[in-house]
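These notes are about the structure you will find just below.
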Amino acid sequence: MQPIILDVDMGVDDALAIMLALQSPEVELLGISTVFGNVPLNQATRNALQVLELMGRDEIPVYVGAGEPLVRKLVHAAAVHGESGLGDAVLPDPEMLPAGNALDFLIEGIQARPGEVIVVATGPLTNLALVEKKQPGILDQARRVLVMGGALAEAGNITPVSEFNSFADPHAFHQLIKAETNMSLIPLDVTHQLGLAAETIAARLAGRDDAIARFIRESTRTVIAFEQEHYNYAGVHLHDPAAVALGIDSSLFEMETLVLDVETMGELTTGQVVVDRRPFSDEEERQGYPVDCAMKVDVDRLMHMFEHRVLGGE
Ligand code: RIB
Ligand code: CA
């Protein structure tokens, strides 16, 4: 089994990513670390505890990470995910308590199994930047660091050019890219191809009134309403499940190494991932750092994997 640590900011698609990890026999979920992002840190931690209990997996520990970005001001995404971060879903108060500090957990979890653990980051990269600063080189001891974030040739989603996770803490993103940790990036360029339509959710969950089915319907309803209003799309994009899917089956994606960096100061461009595509004869002239990026995805295979494992049915 593939040991995985999920670092999440606990919006709806983070919850769907946790569910995919839990429903995947290939995955050994070692624990979850929380970070501010879609919702404030305390809410993200509460959401993670609640989703694990909903799934009957309260043996999986949750660790508390950073509550604010390294430099810039705090930003959340309640408009997309609802004030709770889990849309309209109402889950019982969690009985579990957080297990401890996320930075210690990430460092100890990676060090305990050198070269084995895949860290999947689906929120702002503050926790990962802090562990790399606390223990330089620690992320290179992971098997891989899979990051959902950035918009390369694709439009942004929080600004015209920036994706939310990179926008929420651009300094953390820049520091990780500069440290040249063994990161793979899953940008909006591929995740915007992974739309889960409202009608598919309805069809897959038809006739089910169990707690998990109710949670999926009620949590996704808010995101669907946002997407419908702003993008005329009746569905949910599987941004965070895509990062988990890469950890499960890398053949789902085609990767390309791009030289890039993240804007940290622009008034209009903070969080923008800037790719240097200039056709220099000497690639060393390019500005930025080499990052392994997912540029193509087998949409049908990934969507079927997710629907079958999380929504049920064939
Ligand atoms: O831009 C999409 C990403 O930002 C997803 O991880 C979503 O959950 C938010 O964190
Ligand atoms: Ca997220």
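First listed ligand is number 1; within each ligand, the first listed atom is number 1.
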Report each N/O pair between ligand 1 and the protein that falls under 3.5 Å, naming both atoms.
{"unit_1": "ligand 1", "atom_1": "1 (O)", "unit_2": "N157", "atom_2": "ND2", "d": "2.7"}
{"unit_1": "ligand 1", "atom_1": "1 (O)", "unit_2": "E163", "atom_2": "OE2", "d": "2.5"}
{"unit_1": "ligand 1", "atom_1": "4 (O)", "unit_2": "N165", "atom_2": "OD1", "d": "3.3"}
{"unit_1": "ligand 1", "atom_1": "6 (O)", "unit_2": "T122", "atom_2": "O", "d": "2.8"}
{"unit_1": "ligand 1", "atom_1": "6 (O)", "unit_2": "N165", "atom_2": "ND2", "d": "3.1"}
{"unit_1": "ligand 1", "atom_1": "6 (O)", "unit_2": "D240", "atom_2": "OD1", "d": "2.5"}
{"unit_1": "ligand 1", "atom_1": "6 (O)", "unit_2": "D240", "atom_2": "OD2", "d": "3.1"}
{"unit_1": "ligand 1", "atom_1": "8 (O)", "unit_2": "D13", "atom_2": "OD1", "d": "2.5"}
{"unit_1": "ligand 1", "atom_1": "8 (O)", "unit_2": "D13", "atom_2": "OD2", "d": "3.3"}
{"unit_1": "ligand 1", "atom_1": "8 (O)", "unit_2": "D14", "atom_2": "OD1", "d": "3.0"}
{"unit_1": "ligand 1", "atom_1": "8 (O)", "unit_2": "N38", "atom_2": "ND2", "d": "2.9"}
{"unit_1": "ligand 1", "atom_1": "8 (O)", "unit_2": "D240", "atom_2": "OD2", "d": "3.1"}
{"unit_1": "ligand 1", "atom_1": "10 (O)", "unit_2": "D9", "atom_2": "OD1", "d": "3.2"}
{"unit_1": "ligand 1", "atom_1": "10 (O)", "unit_2": "D9", "atom_2": "OD2", "d": "2.8"}
{"unit_1": "ligand 1", "atom_1": "10 (O)", "unit_2": "N38", "atom_2": "ND2", "d": "3.2"}
{"unit_1": "ligand 1", "atom_1": "10 (O)", "unit_2": "N165", "atom_2": "OD1", "d": "2.9"}

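No side-chain N or O of D13 forms a donor-acceptor pair with one of H239 less than 3.5 Å apart.
The main-chain N or O of D169 is never found under 3.5 Å from a side-chain atom of R72 such that the two would form a donor-acceptor pair. E28 places no side-chain N or O within donor-acceptor distance of the main-chain N or O of I4, the cut-off being under 3.5 Å. Remark: the backbone N or O of L86 is paired with a side-chain donor or acceptor of S84 at under 3.5 angstrom. Using a distance-only test at 3.5 Å, with no hydrogens or angles considered, no donor-acceptor pair links the side chain of E154 to the main chain of P187.
With rounding to the nearest 0.5 Å, the separation of OG1 in T45 from CE in M96 is 11.0 Å. Between the CG atom in D276 and the CD atom in E285 there is a gap of 9.5 Å [rounded to 0.5 Å].
A chain of hydrophobic side-chain contacts below 4.5 Å, direct or via other Ile, Leu, Val, Met, Phe, Trp or Tyr residues, connects I138 to L176.
Listed by chain and number, D9 OD1, D14 OD1, D14 OD2, T122 O, D240 OD2 are the protein N/O/S atoms closer than 3.0 Å to the Ca ion (ligand 2), with waters left out.
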Passes side chain to side chain contact (heavy atoms under 4.5 Å, CB included), L196 versus M303? Steps please. CA-CA 8 Å; L196 178 65; M303 293 309 294; 4.0 Å; yes
